Amino acid sequence: MYLSELKKMPNVEFILNSNVSKINGEEVLESIDIKDNDGNEINLKISGLFIAVGQTPNNEVFTNLVDLNEQGYFESQDGLHTKQKGVYIAGDARVKTLRQLTTAVSDGSIAATVAIREMREN
């Protein structure tokens, strides 16, 4: 679904430049408190919430070993090998289209399998 289509939906509201400051409810989710960048707060009644931990990688410590793109994600030709022999990349820290736990687990399994195979070959 594209952004333009989402904006046309009557049950979708965009609340930009804000963060969830509190999740409310006793036994079930009832609402969230949202604080915008100016410090204004609103309470939004909701029954469901998807929490994402963010999209900012913490890969700077590896800059001497691997290439990072402008956003700080690991780069490679094939999504697995780096410029440093024996250093592999996997998961959401690499350049990829979809960031999800299931794809990160898959990436790790593939990287481990390839690493073992390549170590045996050398």
Side-chain angles (χ1 to χ4, degrees):
M1 182 170 288
Y2 296 102
L3 182 60
S4 59
E5 293 175 41
L6 278 173
K7 287 182 176 180
K8 294 176 188 174
M9 297 181 73
N11 62 340
V12 174
E13 178 182 354
F14 286 84
I15 302 174
L16 306 175
N17 302 311
S18 303
N19 290 297
V20 174
S21 57
K22 188 175 178 188
I23 299 173
N24 307 304
E26 291 297 317
E27 295 192 25
V28 297
L29 177 63
E30 296 173 5
S31 68
I32 56 175
D33 293 340
I34 301 171
K35 185 183 249 184
D36 68 20
N37 289 349
D38 295 325
N40 303 310
E41 283 200 52
I42 62 169
N43 179 271
L44 183 64
K45 306 281 187 236
I46 60 172
S47 59
L49 178 65
F50 177 81
I51 298 174
V53 294
Q55 295 290 321
T56 306
N58 189 15
N59 298 328
E60 295 79 23
V61 68
F62 301 105
T63 55
N64 62 324
L65 294 173
V66 298
D67 293 326
L68 301 178
N69 71 4
E70 290 179 7
Q71 292 78 35
Y73 292 101
F74 296 127
E75 286 192 336
S76 73
Q77 295 288 5
D78 62 358
L80 175 64
H81 292 89
T82 66
K83 67 180 182 181
Q84 182 70 33
K85 184 175 173 64
V87 177
Y88 303 87
I89 58 173
D92 289 352
R94 72 177 181 92
V95 174
K96 60 193 280 183
T97 334
L98 179 62
R99 297 188 192 291
Q100 232 178 8
L101 180 59
T102 54
T103 62
V105 170
S106 171
D107 291 347
S109 299
I110 292 167
T113 302
V114 171
I116 291 167
R117 184 184 70 227
E118 290 182 1
M119 284 187 280
R120 285 181 178 156
E121 292 173 357
N122 292 324

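Everything numeric here is computed off the predicted structure, so don't read it as measured data.
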Okay, side chain of [X], backbone of [Y]: is any donor-acceptor separation there less than 3.5 Å?
X	Y	result
Asp36	Ser18	no
Asp78	His81	yes
Asp38	Asn40	no
Thr82	Val87	yes
Thr113	Ala111	no

Do you know the tightest heavy-atom contact between [X] and [Y]?
X	Y	value
Pro57	Gln71	CG-O, 3.4 Å
Glu75	Asn69	OE2-CB, 3.0 Å
Ile32	Leu49	CG2-CD2, 4.2 Å

**Report entry** CD on Glu30 to OG on Ser47, rounded to 0.5 Å
**Finding:**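 Rounded to the nearest 0.5 Å, the OG-CD separation comes to 11.0 Å.
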Query raised in the report: How many angstroms lie between atom CG of Asn59 and atom CG of Leu65, to the nearest 0.5 angstrom?
Result: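 With rounding to 0.5 Å, CG (Asn59) is 11.5 Å from CG (Leu65).
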Requested in this report: Would you tell me whether Asp33 and Ser21 have side-chain atoms, one donor and one acceptor, within less than 3.5 Å of each other?
Outcome: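 Absent: no donor and acceptor within the cut-off.
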State whether the number of non-hydrogen atoms from other residues, nucleotides or ligands found under 6.0 Å of [X] atom [atom1] is greater than 12.
X	atom1	result
Lys83	NZ	yes
Gln77	CD	no
Glu27	CD	no
Arg117	CZ	yes

If Ile, Leu, Val, Met, Phe, Trp and Tyr residues are connected whenever their side-chain heavy atoms lie under 4.5 Å apart, and connections chain through other members, are [X] and [Y] in the same group?
X	Y	result
Ile110	Val66	no
Ile116	Leu80	no
Leu29	Ile15	yes

Query raised in the report: Could you go step by step and tell me if Tyr73 and Lys96 meet the side chain to side chain contact (heavy atoms under 4.5 Å, CB included) rule?
Result: CA-CA 9 Å; Tyr73 292 101; Lys96 60 193 280 183; over 6 Å; no
**Report entry** Minimum side-chain heavy-atom gap Phe74-Leu68 below 4.5 Å
**Finding:**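 Yes, side chains in contact.
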Query raised in the report: Hey, does Glu13 have a side-chain heavy atom less than 4.5 Å from the side chain of Leu44?
Result: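 With C-beta onward as the side chain, the pair touches.
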Requested in this report: Would you please test Glu26 and Val28 for side chain to side chain contact (heavy atoms under 4.5 Å, CB included) and show each step?
Outcome: CA-CA 6 Å; Glu26 291 297 317; Val28 297; over 6 Å; no
